[in-house]
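It should be emphasised that the depicted structure is a prediction, and the values quoted were computed from it without experimental measurement.
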Amino acid sequence: MVVMLNACCQKGVVRSARICEIGSTRCRATSAGTGKTLGIFKRHLGFGLARKDSQKTQPKKIGADEFKLRRDKVVDLAWSEPDAKFEQLLLCVPSSRTYYMARDIPYVFRQNANFRYLSGIMEPDSLLLLHSDSKEHYRSVLFLPDADQEHKKWHGPSLAQDEVEFSSGITEVHPVSYLEEFLQDLLSQSKGLQLGVFCDPSRSWLTNAYSHDSSPATFSVLEDCVMQRPKNWTTVTSLNQHIQEARVIKSQTEADVMRYASSIAAMAFKKAMTDTEAGMNERQLWAMIDYECVFNGAERLAFPPVVASGPRAATIHYIKNSEVIMNGQMVLVDAGCEVEGYCSDMSRTWPVDTSFSNPQRILYEIVQHVQARILRNIENLGSDYGSYPSLNDLYGKMLDLLTEELYREGLFGQFVDKKKAKDMVTRTYCGHHLSHYVGMDVHDCHLISRGRKLEQGMAFTVEPGLYISSEDTLFPEEFRGTGIRIEDIVWLSSDGPENFTQHLCPSESSCCGQVCTMDICVKSEEQECERGGDGVISDLVEIRNYTCN
C-alpha cells in the first residue's frame, strides 16, 4: 500500500524528513539550508492509512430510541427501590458545568457521564428531570442555559427543541430560567402525595455541578427545594446506583462504539511502538498517541496517559511523562481514547531497543503468560454465563499465577515460601486489581461490586502487572527498576467473550520485537541516506505491516 508524500519546497521550510529505518539503515532528514536532522516529522507519517481503514468500520451513533430505553430502565429501577413508599418520583440528573482555569479561559468540557447516558445532550450547565406520576408513566424535562444575544455572540446558540427531540427523544425543553416556575407547579401537583426525590443526599450534590457564583441562580432554587423539601417529599437518595446498574450492561450499539475506540487506540499504540527511540521525551510519545487517536476519529484521550520509561514504570500511575527515554529501557504506556462518550483502555510495555534484554524478557513473559492464561480461561467459558466468575475471582487467579511464575523463575530466593511470596505479590509487586469495568468512564460503574458474577453485556479490563522498584532488595539487581503492564478490554457478547484490542496490537514478546522494527520507508529526492550517500528519487511512502501468527 502506498501514499503520496508532498514535499514543501518553500524557502526556509522543512523540505524533507527522516521517516524511519530502511532495513537496518536510517534515512536522515534535513531542513532547507540548515543541515539539521529532524526526527519529529516521521512521527506524523502513516496516519492516512489508519484513518482510511477506521472510516470503514465507524459505528452508527446512539439514537433517540436507545436513550429512551435507558430512561425507561432507570425509572423502573427507581420504582423498585427497597421499602419505597412514594407515589411519585422526581429524578434529578445535572450535566457538567463549565469550569474555568483562569478568568474567561475554560477547561476542555467533558459531559457528565450519567447525563450523557440518559440524554446524549452535550450542553453544559443543563439539567434533566424525570418526573413519574405512576409506575406506568413519566415525562422527561430538559432545562438548557438561557441563550440571550450576548451568549449567542460568544458561545453560539443553544440546541433547538427539534434538535433535542431528534437526538434524544426528549420533547419537553425549557430554558433554566423556567425551572423555578416548574418546581412550583410540581409542588402544587404533588401536594398530599408522597414524592420520592432521587439525587445525592449531601448539599454538594448540585453544587458539584453548578456553583452559585457562576451558574444561573435558578439552580440554587432546585437545591433549596430538595434540601428544604416539604413533608410529602419523603425520600432523598442517590440515583447513581440505579444509573450504574443500567450502564454496567452494554448494548450492541455501545459495544460497537467501544470496539471502534479500541481499534483507534490499538493503531496509535502500534505507531508509538514503531517510532519510539532513545532521546525522545516521554511527553513526545504522549503527544504522538494523542495525535494519532484524534486524527483517526477519537474525540480526545480518555484520561491522562501513563508514559513511563525505565524505573518510572514501577510507579503504577506515573503521569508526569516528563523524562527522557534512554537506550536499554522499556516503556510502559497505559492510554485510551474516547469516542461518542465511550472509552477505550489498554496498556503495552515494549523495549526502546528492538529487543528485550534477558531480564526484561523474563519479567515481560511472566506478565504476558499470566494474562494469556486468564484470557484463555474466560474464552473457554464461552456464552455459559451461569458459570462465569467475578472480577474478584479473576484477581485471585492472577495473584496465584504471578506468584507461581515468579517462584518458578527463582526470583524470590530459597528462603521465601509460597504463602509469603503471594503476600509480597499482593502488597508490593502488583498493587492493583486485575480488572475494572469500562464504559463511559474509564473506571466505569464504581458502585457495582467487583465481587458480582460477570454477566452478558459487561465490559472489563484484564491487566496484570509487575512492578519492581529500584530500591527493592529481594530481586536480583538486574531486575530492579522495572514496571510491566499488559491490558486489554473484554466484552461479554451473546456469543461469548470478545477481546477488543489483542488481535490489533498483539502483546507476545516476539510480536513486540516485530512491531518495534516495522518498516515505514520513505524515499524522497530531497533525502540523503546514510548508506554511502546513495540518493533514491521517489515520492512514495511505503508501509509494510508485520503480523504475528
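Between E282 and R312 the shortest side-chain heavy-atom distance falls below 4.5 Å. Contact annotation: the side chain of Y429 approaches that of M424 to within less than 4.5 Å [non-hydrogen atoms, C-beta and beyond]. Inter-residue side-chain proximity for Q241 and I448 is flagged as met; some heavy-atom pair is nearer than 4.5 Å. Side-chain atoms of H433 and N392, non-hydrogen and from C-beta on, do get closer than 4.5 Å to each other. Residues F198 and V93 have side chains not in contact (no heavy-atom distance under 4.5 Å, counting atoms from C-beta outward). Between H369 and L402 the shortest side-chain heavy-atom distance does not fall below 4.5 Å. In this structure, the side chains of S383 and D495 stay at 4.5 Å or more apart for every pair of heavy atoms. Side-chain contact between L394 and M398: absent, with no pair of heavy atoms (C-beta onward) separated by less than 4.5 Å.
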Quiz item: Would D353 and F356 count as a side-chain contact (heavy atoms from CB on, under 4.5 Å) if you check the C-alpha gap in whole Å, the side-chain angles of each, and the deciding distance to 0.1 Å?
Solution: CA-CA 7 Å; D353 303 325; F356 295 98; over 6 Å; no

Self-check item: Verdict with reasoning, L285 to M280, per side-chain contact (heavy atoms from CB on, under 4.5 Å)
Solution: CA-CA 8 Å; L285 209 54; M280 291 177 63; 3.9 Å; yes

Exercise. For side-chain contact (heavy atoms from CB on, under 4.5 Å), just list the numbers for S493 and Q456, CA-CA rounded to whole Å, side-chain angles, deciding distance to a tenth of an Å, and then say yes or no.
Key: CA-CA 6 Å; S493 74; Q456 180 180 330; over 6 Å; no

Practice problem: Evaluate side chain to side chain donor-acceptor pair (under 3.5 Å) for E463 paired with H436, printing each intermediate quantity in order. | Solution: CA-CA 9 Å; E463 49 178 311; H436 58 80; 3.1 Å; yes

Exercise. Quick one: do E245 and R452 satisfy salt bridge (Lys or Arg N to Asp or Glu O under 4.0 Å)? Show the steps, please.
Key: CA-CA 12 Å; E245 283 288 344; R452 176 170 163 174; 3.1 Å; yes

Exercise. Determine, step by step, whether Q371 and Q502 satisfy the side-chain contact (heavy atoms from CB on, under 4.5 Å) criterion, reporting the C-alpha distance in whole Å, the side-chain angles of both residues, the deciding distance to 0.1 Å, and the verdict.
Key: CA-CA 11 Å; Q371 195 211 34; Q502 182 63 239; 3.6 Å; yes

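Contact detail for H432 and Y395: the closest heavy-atom pair is O-CE1, 3.5 Å. Closest heavy-atom contact between L454 and Y437: CD2-CE2, 4.5 Å. Nearest heavy-atom pair, N281 versus S322, reported as atom, atom and distance to 0.1 Å: ND2-O, 3.1 Å. Listed here is the closest heavy atom pair of V352 and A278: CG1-N, 3.6 Å. In plain terms, the two heavy atoms of C505 and M346 that are nearest each other are CB-CE, 4.0 Å. When every heavy atom of C343 is checked against every heavy atom of V438, the shortest pair comes out as O-CG1, 3.7 Å.
Checking side-chain atoms of D444 against main-chain N and O of D441 turns up a donor-acceptor pair under 3.5 Å. A donor-acceptor pair is defined here as one N or O able to donate and one able to accept, closer than 3.5 Å; such a pair exists between the side chain of Q329 and the backbone of M326. Side chain of N321 to main chain of V307: a donor-acceptor pair is present (N/O by atom type, distance under 3.5 Å, no hydrogens or angles). In terms of modelled atom types and a separation under 3.5 Å, the side chain of W491 and the main chain of G457 share a donor-acceptor contact. Looking only at distances, no side-chain donor or acceptor of T428 sits under 3.5 Å from a matching main-chain atom of V425. Using a distance-only test at 3.5 Å, with no hydrogens or angles considered, a donor-acceptor pair links the side chain of E299 to the main chain of E340. Checking side-chain atoms of S262 against main-chain N and O of T501 turns up no donor-acceptor pair under 3.5 Å. A distance-only check finds a donor-acceptor pair linking the side chain of S96 to the backbone of N112 [under 3.5 Å]. Judged purely by atom type and a 3.5 angstrom limit, N296 uses its side chain to pair as donor or acceptor with the backbone of E292. When atom types are taken as modelled, the side chain of T349 and the backbone of R485 share a donor-acceptor pair closer than 3.5 angstrom.
Between D256 and K60 there is no salt bridge, since none of the side-chain N atoms of the basic residue sits less than 4.0 Å from a carboxylate O of the acidic one. Taking the charged nitrogens against the carboxylate oxygens, E404 and R373 do have a contact shorter than 4.0 Å, which makes a salt bridge. A salt bridge links K419 to D423: one of the charged nitrogens lies within less than 4.0 Å of a carboxylate oxygen. A salt bridge does not link R376 to E379: none of the charged side-chain nitrogens sits closer than 4.0 Å to a carboxylate oxygen. Checked for salt-bridge contact, E487 and R348 miss the test: no charged N lies under 4.0 Å from a carboxylate O. The pair D393-K453 meets the salt-bridge criterion, with a side-chain N (NZ, NE, NH1 or NH2) lying under 4.0 Å from an Asp/Glu carboxylate O. Using a 4.0 Å cut-off between charged nitrogen and carboxylate oxygen, K320 and E323 do not count as a salt-bridge pair. Using a cutoff of 4.0 Å between basic side-chain nitrogens and carboxylate oxygens, K270 and D275 are not scored as salt-bridged. Between E123 and R116, no side-chain nitrogen of the basic residue sits less than 4.0 Å from a carboxylate oxygen of the acidic one, so the salt-bridge criterion is not met. With respect to R480 and E471, no salt bridge is recorded, no charged nitrogen being found less than 4.0 Å from a carboxylate O.
The structure places CG of D345 at 6.0 Å from OG of S347, a figure rounded to the nearest 0.5 Å. How far CD of E478 is from CD1 of I362: 8.0 Å, rounded to the nearest 0.5 Å. Once rounded to the nearest 0.5 Å, the distance linking CG of D334 with CD1 of I316 reads 11.0 Å. Put simply, OG on S494 and OH on Y385 are 7.0 Å apart, with the number rounded to the nearest 0.5 Å. The CG atom of L91 sits 5.0 Å away from atom CG of L239, with the distance rounded to the nearest 0.5 Å. Rounded to the nearest 0.5 Å, atoms OG (S95) and CZ (R97) are 10.5 Å apart.
For the pairing with N114, the side-chain hydrogen bond (donor to acceptor under 3.5 Å, both in side chains) check across Q244, H242, R247 returns one residue only, R247.
Side chain to side chain, Y388 and E455 fail the donor-acceptor criterion of an N or O pair below 3.5 Å.
F475 and F479 have perpendicular rings, their planes meeting at more than 60° on a 0 to 90° scale where under 30° would count as parallel. Between W350 and F269, the two ring planes are perpendicular [angle over 60°; tilted spans 30° to 60°]. Relative ring orientation between Y407 and F412 is described as tilted, the plane-to-plane angle lying within the 30° to 60° band.
Geometric assessment of R70 against the ring of Y117 yields a positive cation-pi assignment under the 6.0 Å and 45° thresholds. The cationic group of R71 does not satisfy the cation-pi geometry with F67, failing either the under 6.0 Å distance to the six-membered ring centre or the 45° limit from the ring axis.
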